[in-house]
K.L.:
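After the structure tokens below, expect a handful of questions from me.
Lettering of chains follows the sequences in order, A, B, ..., and the numbering in each one begins at 1.
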Amino acid sequence: MDHIEKRVLTSKKPSIANDELKFLSSIQNSIAMGSWEINLQEMDLKWSDMTKKIHEVSSDYKPDFEEAIHFFPEGKYRNRLLEVFDRAVNLGENYDVELQLKSAKNNIKWVRSIGYPIFENNKCIKVHGVFQDITDRTNRIADILLKEKQINSTWHHSPNGMAIIGLDAKLKSANKSLCQFLEYTENELIGLNFSHLTYHEDKEVATAQVLEMIEGTRDHFEAEKRYISKTGKLVPCLVNVTMLRDNNNVPMHFIANLTNISKIKKAEQDIKNLLDTTESQNLRLLNFAHIVSHNLRSHSGNLQMLLDLVQDEIPESTDNDYFPLINEAVNNLSETIFNLNEISNINTRVNNDIASLNLLHFAEKAISNNRAKILETNAVIVLDIDKSIEVLAIPAYLDSILLNFVTNAIKYRQPNVALLIKLKAQKTDEHVQLDIEDNGLGINLNLHKDKLFGLYKTFHKHDDARGLGLFITKNQIDAIGAKVTVTSTVNEGTTFSLFFRYE
Amino acid sequence: MKALHFHYFLDMNKINLTCIIDDDPIFIFAAKRILKVSNFCNNFTIFNDGEEAINKLKPIIESGDNVPDIILLDLNMPIMDGWQFLDEFIKMKTTKQIALYIVSSSIDPVDLEKAKTYETVTDFIIKPLSKAKLEKITADFR
């Protein structure tokens, strides 16, 4: 500050009327600005009401210089104030500094302190000035700086490629990730036309959207686009473009956010390849099963025909221990092949045979098909199925599934216990659950759980137990997209829970 | 498949000529014996695949002499299979009604459904052939 100004300030020494004081005071209040004055001869310090308010001291507080200095935390801010004050007194320099202050109530505030020294006969007799609370403003600036830092750090370290693109489609800025996956340096990218980086087939992908954004009818768009790296690699990206506009809503530039989806695309392709392989293997397996069972069938059929003929034509040749055994072996072979064929057929059934079927109707049919056995064993059947419930299934399979569970429940009853079979259905959000509960022999699930639905597994010493029913049933359940679970206690009973899909 | 009505055979109780089209010698041997044992027909002719059957049946059907009453047709055969035989056979103009039975080891529902699309096919017999199955054909025939 030079001397001229000093004098000007000095010459403006105020002589203020009362009204004016009030006016000034009200201004001080509204802009949170106070005044202060220190007479250097008596070291007499005066604070205006607003200044006191900023310090959070009572209005009758009598400030003194030492105390006033102590409102500024020791170190950087206090030293700064002492320095500028010293220069004001000794060199006549005005000052205007922003400092941190700790109020009487221990609140940290930011204040702006402006001081003007007043000289008389080349000697500083007084310093006065204004004192403003700028906490809010400073905090706001600090917030903005922090946000800018965050944005900057996001920009630089984001795994996504980001670019600012001018309305002329030229790149203005690019972040590290974008440079990395496009294999350019930022300097090489800047000024480059963005369409130069786009794979030629994808150049027109979002032209319409870009125009709409410039016109202002759209504020962002997302698209899948492929780009070409510096070394000519194809980089598939998910690109999200937004438009930045100034305060008058005039378009300034585009902000593009590119996610490199090469890995996802590759994984997608890998999955697709795997699926194709699986499908073709499945098909070959089915063909194989079909051919094997068909060819085996023609041989076992021949064997059966020949055995029938021998029996008819050379009866004496059958009168030995071997013939009945050979006959039985051939019959078993034929049956096994027939069953294998059934299973391979289940897996070739097509989905469009699946229909929405009335569960109660099919359950009643399964029971009526077992009527003779039910009468014979005095079994009690409880049907708790709402007549409105429908499930998705192939009719023949639903028949076979229900029939098999009911037949099994009868077959594996406890000899001295009155048989009770309960069929209970309930509809949940995801499926129709049908519980088929019996009080029969039960299955030792600790031993058999893993092979319960396996082929040719039996768990009971029963003449009819062939270990095929549950295997076929499970295949049929899988084929209609249903699920089955089982709980069982030996000598108490078994509950099979079926989970059907429904429309 | 359509029901058979052989009005002009009503007075005859026995099938005269049966034609077996099959490539499996064991099946042919056994089938011949069963036909004989069950006194199914008076005579039979054997063709070892579809092509041979077509080539030899064509002049027979055209001449109208010795036309078979019954054809037992296998599906899986080399050169010309049962389906290809059928496609050729339906093009021939016959004055005499011939009852054609598919006799196959196949229990594939696809084959059964396909057989139903041929009006010429009377029924689908699943191998092995037995006296009981022949008796059913005889009953149909009468």
K.L.:
Heavy atom to heavy atom, less than 4.5 Å: which residues from residues 309-317 of chain A reach chain B?
P.N.:
A:L309, A:D312, A:E313
K.L.:
Under 30°, 30 to 60°, or over 60°: which ring-plane class applies to A:F405 and A:F496, parallel, tilted or perpendicular?
P.N.:
tilted
K.L.:
Compute both the distance and the angle, then confirm whether A:K365 meets the cation-pi test with A:F362: under 6.0 Å from the six-membered ring centre, within 45 degrees of the axis.
P.N.:
yes
K.L.:
Find the distance between CD1 (A:I367) and CG (A:L383) and round it off to the nearest 0.5 Å.
P.N.:
4.0 Å
K.L.:
Is A:I410 close to A:I421 at the side-chain level, that is, under 4.5 Å between some pair of heavy atoms?
P.N.:
yes
K.L.:
Check each of B:D108, B:V110, B:I102 against B:S106 using the side chain to side chain contact (heavy atoms under 4.5 Å, CB included) test, and report the only one that passes.
P.N.:
B:D108
K.L.:
Only counting residues at least two apart or in another chain, list the ones meeting salt bridge (Lys or Arg N to Asp or Glu O under 4.0 Å) with B:D23.
P.N.:
none
K.L.:
Tell me the residues of residues 31-52 of chain B whose non-hydrogen atoms fall below 4.5 Å from those of chain A, in number order.
P.N.:
B:A31, B:R33, B:I34, B:V37
K.L.:
Testing A:T473, A:N408, A:N370 one by one against A:L403 for a side chain to side chain contact (heavy atoms under 4.5 Å, CB included), which residue passes?
P.N.:
A:N370
K.L.:
Just verifying a value: how many Å separate A:H431 NE2 and A:F500 CZ, rounded to the nearest 0.5 Å?
P.N.:
11.5 Å
K.L.:
For residues 385-396 of chain A, which side-chain N or O atoms pair as donor and acceptor with protein atoms under 3.5 Å away, sequence neighbours left out?
P.N.:
| residue | atom | partner | partner atom | Å |
| --- | --- | --- | --- | --- |
| A:D386 | OD1 | A:S388 | N | 2.8 |
| A:D386 | OD1 | A:S388 | OG | 2.6 |
| A:E390 | OE1 | A:S356 | OG | 2.9 |

